Number of protein chains: 2
Amino acid sequence: MISDRQLRILKAIINDFIDTAQPVGSRTISKKYPLGISSATIRNEMADLEELGYLQQPHTSAGRIPSDLGYRLYVDSLINPHSISVEEKELIQSLLLHKIIEATDVANQASELIANFTHLVSIVTIPQFNKCKLANLKMMKITDAKVLLILVTNTGVVKSLQLALTNTDQFILDKISDTLLNSLIGETIENIDVRSILKMKEKLQGFGNIVDYLIPILRDALKGLNETELYLKGEENLLTISEFNDSDKARQLFNFFKSEESLLELLKTVDPNRISIKIGSEIGIDVLEACSIITSSYKVDGKSDGKILVIGPKRMDYGNVISIVNYISNTLSELFSGINL
Amino acid sequence: MISDRQLRILKAIINDFIDTAQPVGSRTISKKYPLGISSATIRNEMADLEELGYLQQPHTSAGRIPSDLGYRLYVDSLINPHSISVEEKELIQSLLLHKIIEATDVANQASELIANFTHLVSIVTIPQFNKCKLANLKMMKITDAKVLLILVTNTGVVKSLQLALTNTDQFILDKISDTLLNSLIGETIENIDVRSILKMKEKLQGFGNIVDYLIPILRDALKGLNETELYLKGEENLLTISEFNDSDKARQLFNFFKSEESLLELLKTVDPNRISIKIGSEIGIDVLEACSIITSSYKVDGKSDGKILVIGPKRMDYGNVISIVNYISNTLSELFSGINL
DNA sequence: GTTAGCACTCACATATCACGAGTGCTAATC
DNA sequence: GATTAGCACTCGTGATATGTGAGTGCTAAC
């Protein structure tokens, strides 16, 4: 087992390393942290902590740095609780709750906010639109060949889709829109299948051929809605992180972030039920060996749906990141559940 | 004056430098380029070219690199004409002309395309929406407190704006939308002022108080439309460019790109009438001293409006970039003028 | 159990050196 | 007179040696 004093020393070492990015020596600890013990004693404890696997030495005559196991212990029991300031909360509220209407904009803005507050890389996905219920629907003529289909969910999320529909008239589009809305309102988007559209064809006797033409287009358009979209922000922050300012490391990470498949794969591993932290090798991805990932999710109508992910070096300010992720995920949950709309 | 042979040598040197990023020596030129003269002769000519200011020597015993003046001569008269392949054209067409409907998406996609094709940094701005004519308009209820105003221009560009409007009914919104559209159709967005909205108030006698409430909201929403929006893509490409893989240089550029004001300032200098190239010091911005910028613009309804900007190292493949920028700007001009819609 | 003291280690910074790519100049050649 | 071969010279780069110091582990004293 690990003693109380060892824990305090470990915490001091990790805090110092998070600050300085340099291997921490025993003298540094004894001078900077008021533990009331000499550097020699700390040296002994450090040797023990290394044997236990919580620390490691880059080379014989260097100080210690935390191992993944050390970080694990740290995040599980040692991080300083943090809470974000009122000003930050107000900024988040004002940016997320006002002036934004499309789900994509919300996710985009949220991701930007997280990246700016943490100075790390952030990913936010938008909730699976097709699990929401339809609340409003309109078709608008755009040009002679294009029609815009606009869908609004009961959670206040807007999606617009382009349909290739020639020779239509706005009057007819309005009629069809109204009929469609009346038959489909309250239905979840994913349940809007050809069957339910066909049913409504009867009600539109006068417009038979347009409806025939519309059905497959509508079906294809709705199918496209269940792709996961993700919003990645703050890549540029990687450049200011000493771990990655070897431009090769940075490039590797940039390339990883460029590949949407890799990111989707990574997103699949997010535990939707709680904030979770993965450290270095725990992530299981070579490129991210030097990183830690903090994940969370937010709920739409009580069901967990959208995901939040922050990627940074292992020596990140976990307390701070957690509090920000937490606050944003709560805000998004409220937002998409319509509480604040 | 500069002789024909000197021109050929200068061209060879710049081409080689663009390839290798290394100072070019006389022997390299004599071996790689079939100019039919010996390295000694080339050496003499290079000394002359340096005296004329077209070349410079990083240090005494190194080869030559082009000066800004050398690049200037090169882009003015020596670049190899390039034309993009049919496959590339098709890719651009298919990505820009299909599935996209909002102006923001078009600019976003175009910028992404340019960045991918050139492996450089690209900026595309969207046309001043408020100079276009209104073609369609609808208001949609989203939640009890929010209404979505959707505007469509005669060029097929869609903009949606959120209005804070409580206690409305979709039926009333439809009525108001129709009346608004009827009075405003064909009007340029910037001409839709309070006066014209007021005029239409008469026609909506039954909805007096809602209209009163709506007018200031509408005015504010329309005011927000003339902000320049810009889409920056390809920053990550900077990392693979040897000029910037000193992570400090890269960071400086990333910071520059982060600052929207700097970029808007830069965009102001774009000559709307033709493709233009600025090299290094010609740009007049310290951070971009090592860069060249290629700018162009595209037209909406015959008036030049949107801007395109490519930023890269001085030793970029000018011919290639020009052809891509050219093609994209033409495609966007067509797109926003509705020819292909 | 704690701490002072000391020999030891090793990354990092600095100085030194050899190499070679590239130059300018001169003299021979076409 | 233009071109080219030849050669001494320059100087950045990369390799090698050297010194410094932060930090360690261990021992012995407290």
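Chain letters run A, B, ... following the sequence lines, proteins first and then strands; every chain starts at 1. These figures come from a predicted structure and were not determined experimentally.
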Mind calculating the distance between [atom1] ([X]) and [atom2] ([N]) to the nearest angstrom?
{"X": "A:Ile37", "N": "C:dG1", "atom1": "CD1", "atom2": "P", "result": "14 Å"}
{"X": "B:Arg5", "N": "D:dT4", "atom1": "CZ", "atom2": "C1'", "result": "12 Å"}
{"X": "B:Leu35", "N": "D:dT4", "atom1": "CG", "atom2": "C1'", "result": "15 Å"}
{"X": "B:Ile65", "N": "C:dT23", "atom1": "CD1", "atom2": "P", "result": "13 Å"}

Residues B:Glu51 and B:Arg64 bridged, charged N to O under 4.0 Å
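Between B:Arg64 and B:Glu51 there is no salt bridge, as every charged N stays at least 4.0 Å from the carboxylate O atoms.
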
Salt bridge check: are A:Arg315 and A:Glu243 linked by an N-O gap of less than 4.0 Å?
yes

Which residues in [range] have a heavy atom closer than 4.0 Å to any atom of DNA chain C?
{"range": "residues 9-20 of chain A", "result": "none"}
{"range": "residues 39-49 of chain A", "result": "A:Ala40, A:Thr41, A:Arg43, A:Asn44"}
{"range": "residues 51-61 of chain B", "result": "B:Gln57, B:Thr60, B:Ser61"}

Please check this pair: side chain of [X] against backbone of [Y], looking for a donor-acceptor N/O pair closer than 3.5 Å.
{"X": "A:Ser111", "Y": "A:Ser122", "result": "yes"}
{"X": "B:Asp68", "Y": "B:Ser281", "result": "yes"}
{"X": "A:Glu289", "Y": "A:Asp286", "result": "no"}
{"X": "B:Glu45", "Y": "B:Ile42", "result": "no"}

Is the number of heavy atoms from other residues, nucleotides or ligands under 6.0 Å of B:Lys11 NZ greater than 12?
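Check passes, neighbour count above 12.
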
CZ/A:Arg8 to CD1/A:Ile13 distance, rounded to the nearest 0.5 angstrom?
13.0 Å

Shortest non-hydrogen separation from B:Gly280 to B:Ser292 and the atoms involved:
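So the minimum-distance heavy-atom pair works out to N-OG, 4.2 Å.
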
Kindly give the heavy-atom pair with the smallest separation between B:Gln57 and B:Glu50, and that separation in Å.
OE1-OE1, 3.6 Å

Ring geometry between A:Phe17 and A:Tyr71 (parallel below 30°, tilted from 30 to 60°, perpendicular above 60°):
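A:Tyr71 and A:Phe17: tilted rings.
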
With a 4.0 Å limit, can you tell me whether A:Arg27 has a side-chain N or O closer than that to the phosphate oxygens OP1/OP2 of C:dA4?
no

